[in-house]
Amino acid sequence: MKLPKVCQILGEYVAFDFEWDNTTHIMLAASFVNNLGSKKVYLNSHSEIALLENIKAELLEYSWSIGWNSNTSFENNNNGGTSNGGNLNDIANDNFIADDVQCDLGVLYERCETNGIDNIIFKSQKGSRAYYSIPGLYHIDLYQVYNKQMVQNTIYNRAYRTHKLDDVSKALLRHGKFKGLGGKDFLKLSIKDRKKYSLRDSELVMELSKHSNFEVLDAMLAISEITGLDFERVCRTNLTTWWGVLFDQMIQNGECPEPFNTFDRESVKYKGALVLDPKQGLYHNTVVVDAASLYPTVSIHSNLSFDTVNCKCCKNNSRAKVKLNDTFFKGCKFISKNKCWICQKREGAFPKKLKIFRHERLQQKKLGNGAKQLALKILINGGYGVFGHTKFSYYNPMVAELVTTYGRYTLTKMQDIAKKLGFHIIYGDTDSLFLNNPPSKITLSKFQKLCKEKLDIENEEKNTYNTLILSAGKKHYIGYENGLVAIVGYEGKKNDRCEFVKETFNGLINSIIKNNTNPIPALEKAMYTLESGKVDPKLLKKSIRLGQNPKDYKSQTCQAAKIGRAVGAKKGELVEYFDSNIKKTGRSWSKNYRHIDISKYKQSLWNSVSEVLEITKYPVNELAEKFDVRTIKRKNNNDGHVMQNLPAV
DNA sequence: TATAACTGCTTACC
DNA sequence: ACTGGTAAGCAGTTATG
């Protein structure tokens, strides 16, 4: 096996985890696992100082260490664990700890100071955040790496829902923390189990660092090579920083001018992608075509960049004007037909880099360099978005809006081409078209050829669905291809629904689309089981992930704020609850399974399955009456389109 | 008192 | 320190007949 590149940099390195008392911060335990397999645990059995000395000695053994949530204290929001407050007056609350330290290195720093012993940790403060480092040594907070949006989306395809070690480990390693326990339970454990608990955390961090043959860290290292930023910095920064230094370098090298347009940084939304109205129905033989990397492509074709849009030199050049029909500017916030132009004299910094990255990515793919390939993919795909980010030093919403506008133009032209060839377009989203009953394989390749000729766009045949259930609502469909069912967007699949609804929904879909069996008996059984109260409450548990700390919600009355406040949860945490009846219990939610409001669950189940039943011609009104649930009104985009019921091919 | 319209939020798609 | 917009459904509030 080829040694991962990251190992050549890190050499022998250690993952660590500390346990401390939540209120006093007294250090209770620490564990260390190195990449060669050596494992150590220290407990605070007689003296905290002895433990602290052991920790320091271990850390100094290695030039590189890795932790989880280890070097940054993010939010100073601890309300002392009391749940009486949690409101906007918390600042004045005596229980509020202004400088609560919430990371491993921070607690180590604090405990060394408190005990009056030598410190190996350095503290720096930036705004409301404190950063801790070990001078002379390198440290990576793996939490910050797995917290990156592009790692979650591009690499792991949203496999984990929260960024807690337990959640990420369960999703990627298939096992989590010791007996699923949390830090609060630590002191309740026996000495033996305390050791196991602490050690497990370090083991998980080490395993995550190595996951998929160092996939993530190798990609970060590749980004470090591409951008010239050091590895540690790449691990704690994101796309705006990376693209920022790339452009900085180009300016320094004289490859492009400094940005000349300035914008208010008020974060006004700009117009985005085109999503076609789906023609609701059941289809057989549908091809989905997809324009390959649409946004980078249009950025290159139209030379869109911070240094080309509304340049100094081409204002009066008629060739520089954006030659798009008026309709494409409708609803735009930053561009209009007569107020923007694109430089004709110089290639923009952004397309220039994109071209290089694209070419390089192909080369690296051929060479089998997965990490470099992935790093380039991350940079290429994330390049357009940073122009719409107000904190990006090259923020330029005109560039972002031109990219999406050319994207809308391209999808519209693709539709024209498809229509002329006799295709029936039933849906499309941003860069894709759903073509029903393509006349033939030959017309399909004709479509691809014309898109290439007229638009210089490569179209890939992404899916060929034998059966397709297309919802009237956008971003919702179910496709069946080669024995595989793809459920896209449906509420019955979303993570804030309970397991019971998700399972029943899944069963129903499989029964209809895959097994060709009558789904109604199973649905009746599910409804009956719900009514009889025999469903395991575990399966009825709902959950929401807090986007804010409860006190920070703009709407203090929204469900997330209310539940979060009541249970003392923090930003990023998952809160579990049951739906209950507000008239009976005073709340629409409850932690107590005895308060479960079955009618809400029946309605939720019905809402997620009813449209599919309607499309597949089951008697929905009759069933709704039978189950005692409300039917829901849905818009219909059919435009007189006749639903098809052709046999599957 | 009932319902529609609206806002805020989470989750998903691209 | 932080890539983007589009869109669905739900809880909860406010306007309206």
Side-chain angles (χ1 to χ4, degrees), chain A residues 72 74-75 126-129 131 144 147-150 152-154 157-158 161 233 236-244 267-278 288 290-291 293-295 331-333 378-392 394-397 399-401 403-405 407-408 411 427-432 462 471-477 486-497 542-548 553-564 574-575 579 582 587-589 600 603-604 607-608 611 632-635:
Chain A
T72 312
F74 288 89
E75 318 282 344
K126 271 184 205 154
S128 62
R129 294 184 177 193
Y131 297 88
Q144 288 183 44
N147 202 10
K148 293 176 199 295
Q149 272 180 58
M150 87 290 296
Q152 290 172 52
N153 298 336
T154 309
N157 205 17
R158 292 178 295 278
R161 195 166 164 210
R233 179 112 189 268
R236 61 168 194 269
T237 54
N238 289 281
L239 277 164
T240 49
T241 308
W242 306 339
W243 270 107
S267 173
V268 177
K269 275 203 170 193
Y270 57 88
K271 188 158 180 180
L274 175 62
V275 186
L276 308 185
D277 271 337
V288 181
D290 178 284
S293 58
L294 181 66
Y295 286 171
C332 286
K333 297 286 188 297
I378 288 169
L379 287 167
I380 292 168
N381 290 346
Y384 131 80
V386 295
F387 283 109
H389 189 99
T390 50
K391 299 295 160 66
F392 181 44
Y394 298 86
Y395 170 64
N396 192 318
V399 172
E401 200 164 47
V403 172
T404 57
T405 301
R408 294 194 300 277
L411 189 65
Y427 181 53
D429 185 345
T430 311
D431 57 359
S432 67
K462 207 170 71 175
S471 163
K474 296 172 174 183
K475 297 179 190 286
H476 288 67
Y477 57 88
I487 300 172
V488 180
Y490 270 88
E491 271 59 36
K493 211 186 80 170
K494 288 186 174 170
N495 267 329
D496 53 357
R497 309 300 150 121
K542 294 179 76 177
S543 62
I544 36 173
R545 187 179 166 271
L546 295 195
Q548 307 284 333
Y553 277 99
K554 191 172 167 184
S555 163
Q556 284 295 307
T557 54
C558 78
Q559 201 189 31
K562 286 208 287 199
I563 303 180
L574 212 59
V575 185
D579 274 336
I582 193 161
R587 277 170 166 176
S588 66
W589 62 276
K600 279 193 183 176
Q603 188 67 48
S604 167
N607 290 354
S608 50
E611 197 195 5
I632 37 176
K633 267 184 279 174
R634 247 182 268 265
K635 61 175 176 184

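Order of the sequence lines fixes the chain letters, A, B, ..., with proteins taken first and strands second; residue numbering starts at 1 for each chain.
Within the structure, every side-chain polar atom (N or O) of A:Lys475 is placed at least 4.0 Å from both OP1 and OP2 of C:dG9. A sub-4.0 Å separation between OP1 or OP2 of C:dA1 and a side-chain N or O of A:Thr237 is absent. At the phosphate of B:dC14, neither OP1 nor OP2 sits under 4.0 Å from any side-chain N or O atom of A:Tyr384. For A:Thr240, a side-chain nitrogen or oxygen approaches OP1 or OP2 of C:dT3 to under 4.0 Å. Close to B:dT11, at under 4.0 Å from its OP1 or OP2, lies a side-chain N or O of A:Arg161. Using a 4.0 Å cut-off, some side-chain N or O of A:Lys474 falls inside it from OP1 or OP2 of C:dA7. Within the structure, a side-chain polar atom (N or O) of A:His389 is placed less than 4.0 Å from OP1 or OP2 of C:dG4. Taking side-chain N and O atoms only, A:Ser588 has a distance below 4.0 Å to OP1 or OP2 of C:dG12. OP1 or OP2 of C:dG12 has at least one side-chain nitrogen or oxygen of A:Lys562 nearer than 4.0 Å. Within the 4.0 Å cut-off from OP1 or OP2 of C:dG4, not a single side-chain nitrogen or oxygen of A:Tyr395 is found. Note on A:Asn238: a side-chain N or O is less than 4.0 Å away from OP1 or OP2 of C:dT3. OP1 or OP2 of B:dC13 sits under 4.0 Å from a side-chain N or O of A:Arg158. Under 4.0 angstrom from either OP1 or OP2 of B:dG8 there lies at least one side-chain N or O belonging to A:Lys554.
The distance from atom CG of A:Asn153 to atom C1' of C:dC2 is 14 Å, rounded to the nearest whole Å. Rounded to whole angstrom, the span from the CG atom of A:Asp429 across to the C1' atom of B:dA12 amounts to 11 Å. Atom-to-atom, OH of A:Tyr295 to P of B:dC14 comes out at 13 Å; the value is rounded to the nearest Å. When rounded to the nearest whole Å, the span between CD1 of A:Ile487 and P of B:dC13 equals 11 Å. The nearest whole Å value for the distance from the CD atom in A:Gln149 to the P atom in C:dG4 is 7 Å. Distance CG (A:Leu546) to C1' (B:dT10): 11 Å, rounded to an integer number of Å. The nearest whole Å value for the distance from the CG atom in A:Asn157 to the C1' atom in B:dT11 is 14 Å.
A:Val488 places none of its side-chain heavy atoms less than 4.5 Å from the side chain of A:His476. Counting only heavy atoms from C-beta outward, the side chains of A:Asn607 and A:Glu491 never approach each other to under 4.5 Å. Taking 4.5 Å as the limit, every side-chain heavy atom of A:Thr405 sits out of range of all side-chain heavy atoms of A:Lys271. Between A:Tyr394 and A:Val386, the closest side-chain pair of non-hydrogen atoms is not below 4.5 Å.
Among the atoms of the strands shown, only primed sugar atoms or phosphate atoms (P, OP1, OP2) are found under 4.0 Å from some heavy atom of A:Val488. Among the heavy atoms of the strands, none lies under 4.0 Å from A:Thr390. Contact annotation for A:Ala400: no contact, since no heavy-atom pair falls under 4.0 Å across all strands. Counting non-hydrogen atoms under 4.0 angstrom, A:Tyr270 reaches the backbone sugars and phosphates but no base. Heavy atoms of A:Tyr131 sit under 4.0 angstrom from primed sugar atoms or phosphate atoms, though from no base atom. Note on A:Thr404: nothing from the nucleic acid sits closer than 4.0 angstrom, heavy atoms only. Using a 4.0 Å heavy-atom cutoff across all strands shown, A:Gly385 reaches at least one base atom of the nucleic acid. When heavy atoms are screened at a 4.0 angstrom cut-off, A:Tyr427 is found touching no nucleic acid atom at all. Note on A:Gln559: only backbone sugar-phosphate atoms sit closer than 4.0 angstrom, heavy atoms only; bases stay farther off.
At least one donor-acceptor pair under 3.5 Å links the side chain of A:Tyr553 to the backbone N or O of A:Gly547. Between the side chain of A:Glu611 and the main chain of A:Ala472, a donor-acceptor pair closer than 3.5 Å is present. Panel note: side chain A:Lys333, backbone A:Val268; no donor-acceptor pair is recorded below 3.5 Å.
Which of C:dC10, C:dC2, C:dT13 sits closest to the side chain of A:Arg497 comes down to C:dC10. Comparing B:dC9, C:dT6, C:dA8 against the side chain of A:Cys558 picks out B:dC9 as the nearest. The listed nucleotides are B:dT10, B:dC13, C:dC10; the one nearest the side chain of A:Asn607 is C:dC10. Counting only heavy atoms from C-beta on, A:Leu239 has its side chain closest to C:dT3 among B:dT10, C:dT3, B:dC14. Nearest to the side-chain atoms of A:Lys493 among the listed nucleotides C:dT6, B:dT10, B:dC13 stands B:dC13.
In this structure, A:Lys475 pairs ionically with A:Asp429, as a charged nitrogen and a carboxylate oxygen lie closer than 4.0 Å.
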